[in-house]
Amino acid sequence: MPLRKLAPLALATTLLATACQPSAQPENKVQESSDSGGDASDYLSQPLVKDIYTADPSAHVWNGKIYVYPSHDIDGPTPEDDLGAHFEMRDYRILSMDKIGGPVTVGPVALDVKDVPWADKQMWAPDAAYKNGTYYLYFPAKDKEGAFRIGVATSKNPMGRFKAQPQPIKGSYSIDPAVFTDDDGQSYVYFGGIWGGQLQRNVDGTYDANGSKTDLGQDDKPALAPRVAKLTGDMLEFTETPKAVQIMDEKGKPLLGGDHDRRFFEASWMHKYMGKYYFSYSTGDTHYLAYAIGDSPYGPFTYKGRILEPVEGWTTHHSIVEWNGRWWLFYADTQLSGQTRLRNVKVTELRYNPDGTIQTINPLVAKSGKDSAAP
Ligand code: FUB
């Protein structure tokens, strides 16, 4: 297999990551593939780590340092299908860096599915939060009945190891939790995903194993909405029955199920900019990252446009964080492997227009031939 030429940043990252991690399983190691799309210079940014496969990066800044909570992709035996059965992740590894563009440390296993009493498989996209000296890891996994639930685990260290609560969060379902803490200290969890994420099988909050495989199947009706719930003061439970997050068009009408270019699919994220709430998400089968703006963490939100054009690979999933006075988009593609199930996380700068709209990013065009995450 031909060796891909490594940029100095990537090489430093690889060496450090290798030094920092315990023995990785051979089947989980990155093998650079000749199937991947093209030369490194075809991509706007380069993978943050090349020693393990990572996706769904949820980034946070704690004590000036950047921590990324990704999915840890592995090469399992299950054939690819429309419901994501091929995403067979079993544990989480956390990334940290002192600065964007600097060396990245890959932490040891922070949580393993075998240490979560209620979970069976598919440790999908996580997020994390911090409160009063404790770090909280929120994660979806399938329970023994095959229903996705959302669990929470705690640690005194942002890199783990985390200890899971014995049961999933009461009233939780579906996937992709994202935790947002507002200026008043109140935290909210956004979650949900259609198709393999099972939101359509939980319309009234109860899992219907025989429900639709994809969505509501009603193109001219409002699309399935992501969910939001306030967290209790101890960060371990919902205070309320999750509510629908309404995403409206420019005329104030809900986006419709048939509007695949704009409707919610998965990958919720919330951030606040200039006093406004920005709810962003993936459109899934049309492969965009989109966003909508509102005046309250509950919405409603008005669709504003795209953050990211399609990446190489079927899915991307992102987070947006401010660091050092600039804003950063973390996302993933399949540059290293050329395979949807084996992704790698990246970062690039996110820029706003004077009116607060976000400048759309093209992930496949390198600007001036330089890694966009260079400081
Ligand atoms: O990584 C598994 C799933 O794929 C995530 O939960 C989704 O957001 C998509 O990235």
Side-chain angles (χ1 to χ4, degrees), residues 28 52-59 68-76 78 80-95 111 113 119-128 137-143 146-151 168 172-179 189-202 214-215 224 226-227 263-270 279-291 307-308 310-320 329-337 339-346 363:
N28 296 349
I52 60 171
Y53 292 109
T54 53
D56 312 322
S58 292
V68 182
Y69 296 80
S71 299
H72 175 198
D73 282 359
I74 54 171
D75 196 4
T78 306
E80 230 171 86
D81 68 17
D82 282 347
L83 303 185
H86 48 290
F87 293 126
E88 299 173 89
M89 300 82 107
R90 296 189 299 251
D91 62 24
Y92 295 108
R93 308 274 302 266
I94 293 152
L95 316 180
L111 181 68
V113 68
D120 185 35
K121 60 182 179 181
Q122 292 182 290
M123 305 281 269
W124 283 14
D127 191 17
L137 182 71
Y138 298 85
F139 59 95
K142 275 191 183 154
D143 67 13
F148 269 113
R149 306 276 173 211
I150 295 170
S172 72
Y173 50 88
S174 197
I175 59 166
D176 291 2
V179 180
V189 189
Y190 299 82
F191 63 94
I194 59 173
W195 294 28
Q198 301 178 342
L199 191 55
Q200 74 283 354
R201 293 185 173 182
N202 287 282
T214 53
D215 55 21
L224 268 162
R227 303 292 196 253
R263 62 91 171 90
F264 172 82
F265 190 99
E266 62 187 6
S268 295
W269 188 257
M270 169 61 66
F279 179 77
S280 50
Y281 56 97
S282 165
T283 64
D285 55 339
T286 48
H287 316 293
Y288 303 119
L289 290 182
Y291 73 106
I307 297 172
L308 189 72
V311 298
E312 180 186 279
W314 199 91
T315 167
T316 196
H317 178 140
H318 68 298
S319 61
I320 295 168
L329 175 76
F330 288 77
Y331 64 104
D333 67 13
T334 59
Q335 179 180 340
L336 290 177
S337 73
Q339 294 182 60
T340 286
R341 72 175 77 208
L342 297 173
R343 298 160 291 178
N344 47 259
V345 300
K346 298 184 163 187

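Residue numbers run from 1 in the order of the sequence given. Predicted model, so just to flag it, every value in this text is computed and none were measured. Counting starts at 1 for both ligands and their atoms, following the listed order.
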> How would you list, by chain and number, every residue that makes a salt bridge (Lys or Arg N to Asp or Glu O under 4.0 Å) with Asp56, sequence neighbours excluded?
Replying inline: Arg343
> Which atoms of ligand 1 are found less than 4.0 Å from any heavy atom of Thr315?
Replying inline: 9 (C), 10 (O)
> Looking at Met89, which atoms of ligand 1 are within less than 4.0 Å of one of its heavy atoms?
Replying inline: 1 (O), 2 (C)
> Which of parallel (below 30°), tilted (30 to 60°) and perpendicular (above 60°) describes Phe87 and Trp124?
Replying inline: perpendicular
> Nearest to atom 9 (C) of ligand 1, what protein heavy atom do you find, and at what distance?
Replying inline: Glu266 OE2, 3.2 Å
>> In this structure, does ligand 1 have an atom that sits under 4.0 Å from one of the heavy atoms of Arg343?
In response: yes
> If hydrogens are left out, which of Thr340, Asp73, Thr54, Asp176 has an atom nearest to atom 6 (O) of ligand 1, that is, the closest non-hydrogen atom?
Replying inline: Asp176
>> Pairing donors with acceptors under 3.5 angstrom, does anything connect the side chains of Tyr173 and Arg227?
In response: yes
>> Among all the protein's non-hydrogen atoms, which is closest to atom 10 (O) of ligand 1, and how far away is it?
In response: Asp56 OD1, 2.6 Å
> With respect to atom 8 (O) of ligand 1, which of His318, His317, Arg341 exhibits the smallest heavy-atom separation?
Replying inline: His317
> What is the nearest protein non-hydrogen atom to atom 3 (C) of ligand 1, stated with its residue, atom name and distance?
Replying inline: Trp124 CE3, 3.7 Å
> Just by distance, with hydrogens left out, do His86 and Thr340 show a side-chain donor and acceptor under 3.5 Å apart?
Replying inline: no
> Do other residues, nucleotides or ligands put more than 12 heavy atoms under 6.0 Å from Asp82 CG?
Replying inline: no
> For Asp127, what residues pass the salt bridge (Lys or Arg N to Asp or Glu O under 4.0 Å) criterion, not counting sequence neighbours?
Replying inline: none
